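Presented below is the structure to which this report refers.
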Protein chains: 4
Amino acid sequence: MDLLPEPPARHGRAAATRQRILDAALAEFAANGLSGARVDEIAARSGANKRMLYAYFGSKEELWMVVLERAYAAKRAEERALAVNNLPPVEAMTALVRFNLRYVARHPEFVALLNAENLHRAAYLARSESVRALYSPLLEVLRDVLRRGVEAGQFRADADPVQCYLTIVSLGHFYVANMHTLSTIFGVDLGSEAALAAREQHCVQVVLGYLRPA
Amino acid sequence: MDLLPEPPARHGRAAATRQRILDAALAEFAANGLSGARVDEIAARSGANKRMLYAYFGSKEELWMVVLERAYAAKRAEERALAVNNLPPVEAMTALVRFNLRYVARHPEFVALLNAENLHRAAYLARSESVRALYSPLLEVLRDVLRRGVEAGQFRADADPVQCYLTIVSLGHFYVANMHTLSTIFGVDLGSEAALAAREQHCVQVVLGYLRPA
Amino acid sequence: MDLLPEPPARHGRAAATRQRILDAALAEFAANGLSGARVDEIAARSGANKRMLYAYFGSKEELWMVVLERAYAAKRAEERALAVNNLPPVEAMTALVRFNLRYVARHPEFVALLNAENLHRAAYLARSESVRALYSPLLEVLRDVLRRGVEAGQFRADADPVQCYLTIVSLGHFYVANMHTLSTIFGVDLGSEAALAAREQHCVQVVLGYLRPA
Amino acid sequence: MDLLPEPPARHGRAAATRQRILDAALAEFAANGLSGARVDEIAARSGANKRMLYAYFGSKEELWMVVLERAYAAKRAEERALAVNNLPPVEAMTALVRFNLRYVARHPEFVALLNAENLHRAAYLARSESVRALYSPLLEVLRDVLRRGVEAGQFRADADPVQCYLTIVSLGHFYVANMHTLSTIFGVDLGSEAALAAREQHCVQVVLGYLRPA
DNA sequence: CATGAATGAGTTTTCATTCAT
DNA sequence: GATGAATGAAAACTCATTCAT
């Protein structure tokens, strides 16, 4: 976390600089979007020379893409680590819903990044092979959980995995994205643990309530 | 309350210019966010002179605020016109869910605008009295529908109006915001009427499923 | 020639600024080439704001192209004004040779510009329709003079117009292009009127000597 | 006289690196001029480390000078090898004209380099003792050929050696310098052997035609 | 009420050169 | 003798805003 850890062995130095730039870029892009972000600021925050940023990433836009892909990959990595396949259907679904809310609450920059990207009609993400590749395994997991729940008589049979996926993600994403607006309007701090816990419980009830067989 | 009191409709020509600027600004801001939007472009699209834009609105940021407030007000106006108080609870709730999805699908610029605003941590919305004022009546309506549903034995008793509000809005908002990314990733056009109808049905089932008493 | 002639009538102002930029750009490009020229310097010399340069010409490269085309057109315009068709063959040829030497001597920036352009393998000129269009009439004139000379028994019959054209232009062009190097090496000022007159006489003798029938 | 005395051939490996840098620099400078050339590119093309370039040559400008001087020296070396003193006047003159055209056609980078240098008003060449030293023997040769031709009654008596020198060089230089522009404009490939042969014949005829006594 | 031209401060990008190993 | 990483100054280009008419 130090800006300059003890002089790293000749070779890891470039990688370290690259990483510091990526960290700084993530923060700056999440805070200001693509057009609002300042290359100078990213360089300053990262403790690197601006020239290095261009040497490693080519341009502001290419840096944006790399940051975006890494943010996606990071979320998917944690998601995978949940290993919900090993859980019974209801617990698995609960875990997924909770994870999604908690993850974005812990990483509001992920939400900010995605929303900023949506402004450009997904110009970058849509082009990214690696991001597309991250979706399919996730959907497979969900499909499996739903199937097992139906077989166990715990879930309704007509639930579509894609719709479920969208719903689970929506519930957390919107909450985090609009946290500031909503906190002001409702006069409560939606970022507090109490508020998060309440939202978490609600989200789980919504998803399980929907899946509950008639 | 407004920063700029309605300009006295001197000629009507002035009002028309003002309106054209607002329309162009809405499109440009929705497409590019606050920092990404170009004043030149707004002026060009509106067919008005740039100087007029400054005469009417003072600055890019003030124009942003006006556009934002109007977008909010427009949605609330349609919402009010639904008059769900006159409908039985289940129909009322169904109408609200449908309306929210359909409205944002019809007005993706509303979603884009909100997401862009969120980047600034709601810097402008939070300051707007008028926007805050729009929320309470809506929440009152929802509270009333929930109460009537509980009384009729059709809704669970422990549903929180604020959580329900967030959930209803989330379901449509996220769908529209990420339409391009998701369409690419899932290989379907989420903007098609078929896709929208499917999403609509799912959203209604989710909300009603959740509200259904145990 | 003034940087700011009396405030021009509202409309001609833009044209005047545009012209001042072109003049400054011609000087700067001729002195330093495309990559060596400084946009800041052009703006400063022209007394215009740098932004205007971009508003009128789009980019440094586009400005380069316009400057190049205008330099070509200017030379062709003077060439046309010679009206050599009205002169007897030997006088016509003499006029062409003299004009070519004197023109480039008076406009060394024309030569500098062309040589700079050649560095890019004529990347811009080759694409320019207007420049290509300027060549054919010139060649027609030369063809006509040669034909008349042959008919009058004053010129050899096997002279190729394109080769002649290249030779006439070469003789002046190289002299001007290398004036500084050669002046230093030979220890004389090749730009002096005496030197120019001597070169002029030599060039005429070379061309007429070549054309003289066996 | 040189800025950098020949580096003592310690290993030969050093000399090889130095040579590769010079070759790469020649190509890069010829293609882009002094300001357009990129040090990174030279280093990359030469396969050497950038640091080496600075160790051997001090700076981009010093490298430029060395490249320039070597280009000049190379041409003079071949010129000397012609040994026209041993040929009768007409053959000698023909050989000189042909050689000059063929040399620049074979070494267009020589022309490009000179033209680029001219942009700086011969700032570097003028300073170079070694280049100046290369001119006088050449002029002596030409003077000798002319004298012998006059004595043999084959050349006019009033031809100036300097003017003749300039003319001979002009005829080839301009052709090569503007090859791309002219090829496009005239719609023929001036670099083809057929075109070169035609130009060669024309140049010889021009020079001999001029020298032919009245 | 309206307009075309202008501006200055900022932003991204580039490049010759040097440092640490 | 050689290398990869770093740097600071400068260059191209952009943009919200204002002036003169």
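Each chain gets a letter, A, B and so on, in the order its sequence line appears, and its residues count up from 1. What you see is a predicted model; the values in this text were computed from it and never measured.
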What's the [atom1]-[atom2] distance between [X] and [N], to the nearest Å?
| X | N | atom1 | atom2 | value |
| --- | --- | --- | --- | --- |
| A/Tyr56 | F/dG4 | OH | P | 12 Å |
| A/Asn49 | F/dG4 | CG | P | 19 Å |
| B/Asp40 | E/dA5 | CG | C1' | 12 Å |
| B/Asn32 | F/dA16 | CG | P | 11 Å |
| C/Leu53 | F/dC13 | CG | P | 9 Å |
| A/Leu34 | E/dT11 | CG | P | 15 Å |

What I want to check is whether an N or O donor and acceptor connect the side chain of B/Lys50 with the base of F/dT17 at under 3.5 Å.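 Under the 3.5 Å cut-off, the side chain and the base do form a donor-acceptor pair.
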Should the side chain of B/Lys60 and the base of F/dT17 be counted as holding a donor-acceptor pair, with the cut-off at 3.5 Å?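 Not at all, since no donor on one side and acceptor on the other fall under 3.5 Å apart.
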Does A/Thr17 make a side-chain N or O approach to OP1 or OP2 of F/dA6 shorter than 4.0 Å?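 Result: yes.
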According to a strict under-4.0 Å criterion, is C/Arg38 in side-chain N/O contact with OP1 or OP2 of F/dA10?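 It does not, given that no N or O in the side chain of C/Arg38 lies less than 4.0 Å from OP1 or OP2 of F/dA10.
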Just to be sure I understand the rule, does D/Ala37 reach a base, reach only the sugar-phosphate, or reach nothing, if contact means heavy atoms closer than 4.0 Å?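 Sugar-phosphate, no base atom in range.
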Select from D/Met52 and B/Arg51 the residue whose nearest nucleotide in DNA chain F is closer to the 5' end of that strand.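 Its nearest nucleotide lies further toward 5', so the answer is D/Met52.
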Go through E/dG4, F/dA6, F/dA12 for me and flag the one nearest to the C/Val39 side chain.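 The listed nucleotide nearest to C/Val39's side chain is F/dA12.
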Which nucleotide in E/dT12, E/dT17, E/dA5 has an atom nearest any side-chain atom of D/Tyr54: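 That would be E/dT17.
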What stems involve DNA chain E, if each pair must be Watson-Crick or G-U and both of its distances must be under 3.5 Å, with 3 or more such pairs in a row?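 Stem list for DNA chain E: E:2-21 with F:2-21.
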